[in-house]
Amino acid sequence: VPTVGRGGHAAHMEFGRPARATHEQGPARFTRARWAATTLLALGALAAAEASVSSSPPATEPLAQGVILISIDTLRADHLGYAGYPAPVSPAIDRFRSDAVAFSTDISQATSTLASHASMLTSTLVPHHGASFSKGTGLSPRAVTLGEVLQQGGVATASFNEAGQLSPEFGLGRGFDKYEATWLRHDRCRLSVEVKHAETWLRRHDDQPFFVFLHTYEVHHPYVPDPRYLSAVERSHYTGPLPALFTSIDELDRINRGLQPTNQADIAHIIATYDGQIRSMDDGFDELISFLKKRGTYDTTAIIFTSDHGEEFGEHGKVGTHSHTVFDELVRVPLLIKLPRNEHAGASIRQQVRSIDIAPTVAHFLGVASSPHFQGRDLLPLIAGAKDRARFAVSHLDSGDVSSVRTTRWKLVGSRLFDLTIDPGESRDVSDHYPEIAAYLQAQRVALVGLAPILTGPTVILPVAEQPALAALGYVNLGPHPGNRSIRHP
Ligand SMILES: [Zn+2]
């Protein structure tokens with residue numbers, strides 16, 4: 001067996017959790033004293049249990065009063081200050097990082113919005129949930145969502161998001177008591193807007209177990225930052241041929257079709273317009289943290305900060321777009337988890353984890369038994385220091401046509417093998433040098449995709465009234481007909 005991961009059978013590794021009744025053991029009423037008594041004990045006990053058995057023990061005590069999951073659409077893992085990015089893009093997130101556990105390698109399961117969020121919220125791979133924007137299909141009725149699991153466990157659930165590929169027509173609203181998907185002109189997409197909605201809801205619901213899922217397109221193209229944020233992150237004044245204050249989708253389209261030549265300074269400027277949006281989003285994040293602290297709920301709330309996919313800036317021939325490959329600039333996403341009372345604050349976890357691991361972690365925080373359909377694994381034992389089995393990360397294109405399987409060192413993209421330790425840019429196929437590793441990873445991928453039935457979701461055609469807002473994000477959805485799939489930047 002090649003020395004990748006710790007070996008073992010994929011089926012055993014991924015599907016160890018037994019089905020458990022959830023109704024009887026929904027989260028008990030939470031109190032601060034109770035939290036204090038249970039958190040340390042539970043995390044300590046889990047560390048031992050996870051090391052000795054293949055399945056997580058049932059969660060019976062809530063560790064947090066509530067969980068807030070924030071997904072910043074299109075946010076690269078490496079464009080945040082705490083991750084080493086040189087521009088001052090994320091002061092509030094960097095401060096938050098010192099209260100949180102940072103995962104340096106979190107891999108999303110798809111590189112487009114609908115498919116990736118569907119994986120995050122169902123803890124399944126793309127072929128197993130059926131949701132695909134390019135195919136014009138929503139979530140399969142057979143998929144089980146995190147919201148449904150929590151709702152059955154007595155948790156109040158709400159999502160405030162910016163529609164588009166998260167429109168309720170695609171099925172991601174299943175399991176939310178309130179699913180507020182707001183169509184906004186792209187230049188009005190702001191995390192701070194979604195935070196305001198969440199604050200109103202939290203004031204009425206944060207005395208009971210709750211789950212809030214926030215999403216924004218604020219960082220998504222076109223890049224139209226407020227000029228003051230652009231000047232905060234752009235080191236020198238740009239004097240080239242591109243617009244000085246923004247980057248439009250048409251501009252990116254022209255560049256990617258070879259109609260607009262660019263040099264290094266032009267690309268740096270495009271990146272600065274993207275970064276300016278991150279700096280703006282960071283202010284919205286700061287508002288959320290300030291609200292929770294003022295409200296007195298910061299300590300008892302678990303906060304998970306992540307993204308659905310990254311963005312390419314020339315690594316593999318395209319600029320300012322995503323969903324066209326499964327290379328690292330698109331599958332690597334940030335992941336910060338702040339535990340109640342800042343447990344394990346400042347810890348760093350280098351082991352590779354995946355977006356599908358988020359849902360079982362949220363269930364654990366809230367004391368709700370996870371679903372046997374979830375393919376991810378709870379991250380809390382790993383945080384507590386338990387010995388962890390390798391978490392193979394499988395990622396797909398939205399269409400499902402191309403997939404990758406990744407370990408900390410190796411990545412198989414289609415049939416090409418990359419050694420990430422010496423080739424993090426994934427430019428040299430070494431499958432001829434390491435055929436046994438390529439074969440091993442291929443077997444893992446086949447096993448993981450083979451764990452559940454391949455599902456196709458119901459056809460979704462968004463209302464005509466929503467098409468202009470969709471087009472502003474570079475999307476075209478006219479149904480599942482091949483001729484209508486001229487999506488420039490899905
Ligand atoms: Zn997205």
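Quick caveat, the model's predicted, so the values are computed rather than measured. Order of appearance sets the numbers: ligands from 1, and atoms from 1 within every ligand. Residue indices begin at 1 and follow the sequence shown.
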Inset, instruction - Run through Phe246, Tyr229, Tyr223 and flag the one making a ring-ring contact (aromatic ring centres under 6.0 Å, His included) with Tyr274. - result: Tyr223
Legend entry - His309 near the Zn ion (ligand 1) via N/O/S, less than 2.8 Å: yes
Legend entry - Asp308 atom (N/O/S) at minimal separation from the Zn ion (ligand 1): OD2
Legend entry - Proximity of Phe305 and Phe96 rings by center, below 6.0 Å: no
Inset, instruction - Check all N, O or S atoms of Asp73 and name the one closest to the Zn ion (ligand 1). - result: OD1
Inset, instruction - Tell me whether the centres of the aromatic rings in His205 and Phe210 are closer together than 6.0 Å. - result: no
Inset, instruction - May I ask you to test the Thr306-Ile358 pair for a side-chain heavy-atom distance under 4.5 Å? - result: yes
Legend entry - N, O or S of Tyr217 under 2.8 Å from the Zn ion (ligand 1): no
